Amino acid sequence: GYVDLWACYHYKSTIGTFAGIIQEILIDPEITIAILSCTQDVAAPFLEQIQQELESNEDLKRIHADVLYDKPRQEAPKWSKDTGLVVKRKGNPKEATVEAHGVVNAQPTGRHFRLLNYDDLVTERLVTNPDMIKKVTERWEMSDNLGSAQGTRKWHWGTRYSFGDTYGVLLERKTLKERRFPATEDGTLKGKPVFMTADAWDKAKDAQRSTVNAQMLLNPLAGNAATFDTLTFRHYDLIPAVLNVYIMVDPSKGSSRR
């Protein structure tokens, strides 16, 4: 029920999608997990990193010999980024232990997983027009069918790109609850960095002037990037007797129907 939004460079995928999924597999080798990113190309590297770790980490294979194959490329029923990874398990579900799929362009059918791990559901390429944002949001809704009748856990990890991205839509709907971990302690540009060095934070602010509020502070409406300062909005309970309405239009010629 939560979406964990972390600033860039803060290892959200390393902790959540990489180490987190390996931990889940070692605890319960019967689990089935789907790594879901915006596209297949974004999801595949997450699976490859897990694959390489389970192949090369000799300590892990020795300690968890009841779960991990010594030579998975030769011994495992499935062991590739295309078909997924299968560890030692008693059951024989059609789903691999862990698979990687795209929400937009490579969403599987007829598969049901016990854990759906959404990582990088939004990227800079998917926030350029309203049609694409709508498509990502609708495909996220469809991915709910990848769960199982026994109940499915869902993990969401991401970084903000714009006020109206899919994360913004889901938060506005209150479909997910936000857990925000910005780059600074107070979530402002002048705040003390949590993980980065002060020098690295200064360089990031200088290099990412137009994106630092969304990418690092996880607040697309913060600072100079805001179209409106929401703190200045005033609410009136009574409509005045005389009300002048001004409509301003920017007749931009865009590439989409909007």
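Computed from a predicted structure; not experimentally measured. Throughout, residue positions are numbered sequentially from 1 according to the sequence presented.
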Taking a hydrophobic cluster as the set of Ile, Leu, Val, Met, Phe, Trp and Tyr residues connected by side-chain heavy atoms closer than 4.5 Å, whether directly or through intermediates, do [X] and [Y] fall within one such cluster?
X: L146; Y: I33; result: no
X: V42; Y: V103; result: no
X: V86; Y: V67; result: no
X: L170; Y: V122; result: yes
X: Y118; Y: Y167; result: yes

Partner set under side-chain contact (heavy atoms from CB on, under 4.5 Å) for D41, not counting sequence neighbours: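 Partners of D41 by the side-chain contact (heavy atoms from CB on, under 4.5 Å) criterion, ordered by chain and then number, come out as T39.
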
Under 3.5 Å donor-acceptor, K61 side chain and E55 backbone: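 Yes; at least one donor-acceptor contact below 3.5 Å.
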
Test item: E75 side-chain N/O and K71 main-chain N/O as donor-acceptor pair under 3.5 Å: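 Here the side-chain-to-backbone pair exists.
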
Please name the pair of heavy atoms, one in [X] and one in [Y], separated by the smallest distance, quoted to 0.1 Å.
X: G187; Y: P182; value: CA-CG, 3.8 Å
X: Y69; Y: P77; value: OH-CD, 3.6 Å
X: P108; Y: R111; value: CB-CG, 3.7 Å
X: A100; Y: A43; value: CB-O, 3.7 Å
X: S80; Y: T83; value: OG-OG1, 2.9 Å

Is there a side-chain contact (heavy atoms from CB on, under 4.5 Å) between I50 and F18 once you walk through the steps? CA-CA 6 Å; I50 294 173; F18 176 55; 4.0 Å; yes

Please indicate whether K81 has more than 12 foreign heavy atoms, meaning atoms of other residues, nucleotides or ligands, lying under 6.0 Å from its NZ.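 Counting other residues, nucleotides and ligands, NZ of K81 stays at 12 neighbours or fewer.
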
With a 4.5 Å heavy-atom cut-off, do [X] and [Y] have their side chains touching?
X: H112; Y: T152; answer: no
X: Q107; Y: H101; answer: no
X: W201; Y: M216; answer: yes
X: R160; Y: N219; answer: no
X: T32; Y: R89; answer: yes
X: L115; Y: I31; answer: yes
X: W140; Y: V169; answer: no

Less than 4.0 angstrom from a charged side-chain N to a carboxylate O is my criterion; do [X] and [Y] meet it?
X: D66; Y: K88; answer: no
X: D131; Y: K134; answer: no
X: E24; Y: R114; answer: no

Taking side chain to side chain donor-acceptor pair (under 3.5 Å) as the cut-off, I'd like each qualifying pair that reaches into residues 9-23, sequence neighbours left out, listed once.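 Qualifying pairs: Y9-Q208, K12-D119, K12-D120, S13-D119, T17-N117, T17-D119.
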
Which residues satisfy the salt bridge (Lys or Arg N to Asp or Glu O under 4.0 Å) test with D199, sequence neighbours excluded?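 Residues passing salt bridge (Lys or Arg N to Asp or Glu O under 4.0 Å) with D199: K203.
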
Hey, can you tell me if W6 and W157 have their rings parallel, tilted or perpendicular (30° and 60° cut-offs)?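 Ring orientation, 0 to 90° scale: perpendicular.
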
Quick one, L217 with L189, criterion side-chain contact (heavy atoms from CB on, under 4.5 Å). Give me CA distance, side-chain angles, the key distance, then yes/no. CA-CA 8 Å; L217 301 180; L189 288 171; 3.8 Å; yes

To the nearest 0.5 Å, what is the distance between [atom1] ([X]) and [atom2] ([Y])?
X: E95; Y: T97; atom1: CD; atom2: OG1; answer: 10.5 Å
X: T159; Y: L5; atom1: OG1; atom2: CG; answer: 7.5 Å
X: D144; Y: T175; atom1: CG; atom2: OG1; answer: 10.5 Å
X: K135; Y: C38; atom1: NZ; atom2: SG; answer: 11.5 Å
X: T137; Y: M132; atom1: OG1; atom2: CE; answer: 11.0 Å
X: I25; Y: L68; atom1: CD1; atom2: CG; answer: 8.0 Å

Residue pair I22, L60: steps toward the side-chain contact (heavy atoms from CB on, under 4.5 Å) verdict: CA-CA 10 Å; I22 290 178; L60 209 60; 4.1 Å; yes

Tell me, which pairs form a salt bridge (charged side-chain N to carboxylate O under 4.0 Å, His left out) where one or both residues lie in residues 183-193, sequence neighbours left out?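 The answer is none; no pair qualifies.
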
Side chain to side chain donor-acceptor pair (under 3.5 Å) with Y2: which residues, sequence neighbours excluded?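 Per chain and number, Y2 pairs via side chain to side chain donor-acceptor pair (under 3.5 Å) with no residue.
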
Apart from V249 itself, what residues make up its hydrophobic cluster, given side-chain heavy atom links below 4.5 Å?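 V249 clusters with I239, L243, V245, I247.
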
Given W79 and L54, is the side-chain contact (heavy atoms from CB on, under 4.5 Å) satisfied, shown in steps? CA-CA 10 Å; W79 199 261; L54 298 186; 3.8 Å; yes

